[in-house]
Amino acid sequence: MLGLNKKDTSLLIIVALLTLLAPFILNPFPEGSAMAQFNAGYPDLMQRFVIFGIFAIGFNILFGLTGYLSFGHAAFLGVGSYSAVWMFKLLSYNVIPAIALSVVVAGVFSLLIGFVSLRRSGIYFSILTLAFAQMSFALAYSVLSNPKFNLTNGETGLQVYADDPQILQGANAPDLPHLFGLPMRATYTMDVGAWSFDFNAGYYLCAVIMMVVFYLAIRIFRSPFGMMLRAVKSNQQRMNYTGLNSKPYTLAAFVISGMYAGLAGGLMAAMDPLAGAERMQWTASGEVVLMTILGGTGTLIGPVLGAGFIKYFENIFSKINDNVLHSWFAFLPDGLEDAVVFLIHPFIGKGWHLTLGILFMLVVIYLPGGLVEGGQRLLNRLKRKKTDADDAPSGKTEPAE
Amino acid sequence: MAILRVKDVSKRFGGLKALTDVNLNVEENSVHAIIGPNGAGKSTLLNCLVGKLMPDTGSVLFDNNSVLGLEPFQINQMGISRVFQTPEIFGELTVMENMLIPIFAMRDGAFRMHAYETIANEKAIVEQAEVMLEEMNMADKREMHAASLSRGDKRRLEIGMCLSQNPRLLLLDEPTAGMARADTNNTIDLLKQIKEERNITIAIIEHDMHVVFSLAERITVLAQGTPLVEDIPENIRGNPKVREAYLGEAA
């Protein structure tokens, strides 16, 4: 279907089902129950799942296929956000031109940065991209925000003001980002018994876009171009002596992943019409690296899983505070309760990064292929159990790949 | 007619004269070996031919076009394929993909943005790769990762990848270095077979006399950066100058 083989088609269908049914899947616990704080099915978080999913899918095209580790991809995300907000300010609150411009501008921006950074490979490439991203951050944070020429509005962040031109903004159009009149914040809440499910327009826009770009990523992975990118990672020497110029290949991959990042940035601004410099900071670049590695570098679904995983834990763990802990461990004797809460305290709330760090270490050490490898091992083990049960003593061991 | 002409090539590395006034002609459809003791400049000469090094003086003409100053991929596109001392293949890719890449490179040139097509739809190229794998006796290994092949198979694959581009000149850099005798003989047989079946010129840089004398039609002996003699194998074997270069003056 759609020019994909069977396996990829079923992967695409699974992803489509997961994203479309996310409001149900992410809200498994009834409203008001003790477990309700583990629900992730509210619009803001679901939007972030898919937006960072897009960001990571794009990053994986560069890092997973060519092996070039960019530490500056947040710069393209930020550029995308700024472009989108400028579109809101100048044209109208319609998200289509905003998202289109953010992709184009991020593409041009990544062409420039990629052209220079790709003169080097390995750690030097990473450092160059990091340097460019930090320069962009500094530009956005202070240099490009002075009274004479205010492109980024510095610390405050770029936002839409009442006196902005918005030349195409219709009289009746909503006064916040919308898709031909449908506001991104529009949410339909469905109550089923004790459960409540939110269906948010912005989320579904992001979800549809993610499915499209996920499909494109599969096409790239399976194309001759994708094969050449893997050849870059595998052996550049052989590539050059086979009559292939590796530079335009890596540059193309860099620009594509930059455009994915720009798209993610544009969508972020479309969900919440604000762009701040902190989006370009190196921590944001590092986050997408974590997502990709955690999920499984070079796999199709890995980056999406990694993005969801990190964003989920970021939100859920940081929401838990000492009061919540006390209520959980109330059944323990007083002294013990305090001790347990004291022990867990550093890992929750603001300390959730500590939890993330430990999880990341565990994954990298025990599952170098990320969550995808974990899933595959689990499947293999189940399969083996099944075959073992079928023909009892078959001491066959399959290598986990 | 000489397909490769090396004229007055010199190369210095600081105070070391690696090559001095090297003149060499490789005739079309011949097997030409370049031999010499360690440090004679064989590898430097090879690197000057493939665009890795730029000679200080002189010229290198392939089919009457200069290759100097060109990138390795441009030289390959002119019709020169190189086999490395240690097999250079795409280890993380499957054997089949290894074979597809050079064929794509030959059809599409140094770069093409074919990001939306699928490989399976390129029937002509897949078929060509399958024929080549068949010819190299590797069809049963097509789904294996190239890195997990044996040393001899890696060499076969690399040679197959080079041949799939139908190069006019095949450069081999010590193709049997580090191989067991049996693997060496297999490689010799493979190269002989290639020579018989194809319209190809082969230039070999080699250490192993057994390989050189079983394959070469002409031999150039390089010593201290200059060609000592160039002749047919029979005359090289007994040449006192060659013995001297290899064994030292006392011999």
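Since this is a predicted model, take the numbers as computed values, not measurements. All chains are named by letter (A, B, ...) in the order of the sequence lines, taking the proteins before the strands, and each is independently numbered beginning at 1.
For chain A, no part of B:M106 is nearby; none of its heavy atoms comes within less than 4.5 Å. The contact between B:E92 and chain A is made by backbone and side chain atoms together, counting heavy-atom distances below 4.5 Å. With a 4.5 Å cut-off on non-hydrogen atoms, A:I218 does not touch chain B at all. If you measure heavy-atom distances from B:I89 to chain A, the contacts under 4.5 Å come from the backbone alone.
Rounding to the nearest 0.5 Å places CZ of B:F111 at 9.0 Å from CG of A:N245. Rounded to the nearest 0.5 angstrom, B:N76 CG and A:L244 CG are separated by 8.0 Å.
Within a 6.0 Å radius of NZ in A:K247, no more than 12 heavy atoms belonging to other residues, nucleotides or ligands are found. Atom CZ of A:R381 is surrounded by 12 or fewer heavy atoms from other residues, nucleotides or ligands within 6.0 Å. By the neighbour-count criterion of 12 heavy atoms within 6.0 Å, atom CD of B:E27 is densely surrounded, having more than that number from other residues, nucleotides or ligands.
Residues of residues 219-242 of chain A lying under 4.5 angstrom from chain B, judged on non-hydrogen atoms, are A:R219, A:I220, A:R222, A:S223, A:P224, A:F225, A:M227, A:M228, A:R230, A:A231, A:S234, A:N235, A:Q237, A:R238, A:M239, A:N240, A:Y241, A:T242 by number. Heavy-atom neighbours of chain B within the stretch residues 105-125 of chain A, taken at a separation under 4.5 angstrom, are nonexistent.
Ranked by heavy-atom pairs under 4.5 Å with chain A, the list B:E117, B:E71, B:E122 is led by B:E117. Looking only at heavy-atom pairs under 4.5 Å with chain A, the residue among B:L93, B:D108, B:I80 that has the most is B:L93.
Side-chain atoms of A:Y249 come within 3.5 Å of backbone atoms of B:R112 as a donor-acceptor pair (strictly under, hydrogens ignored).
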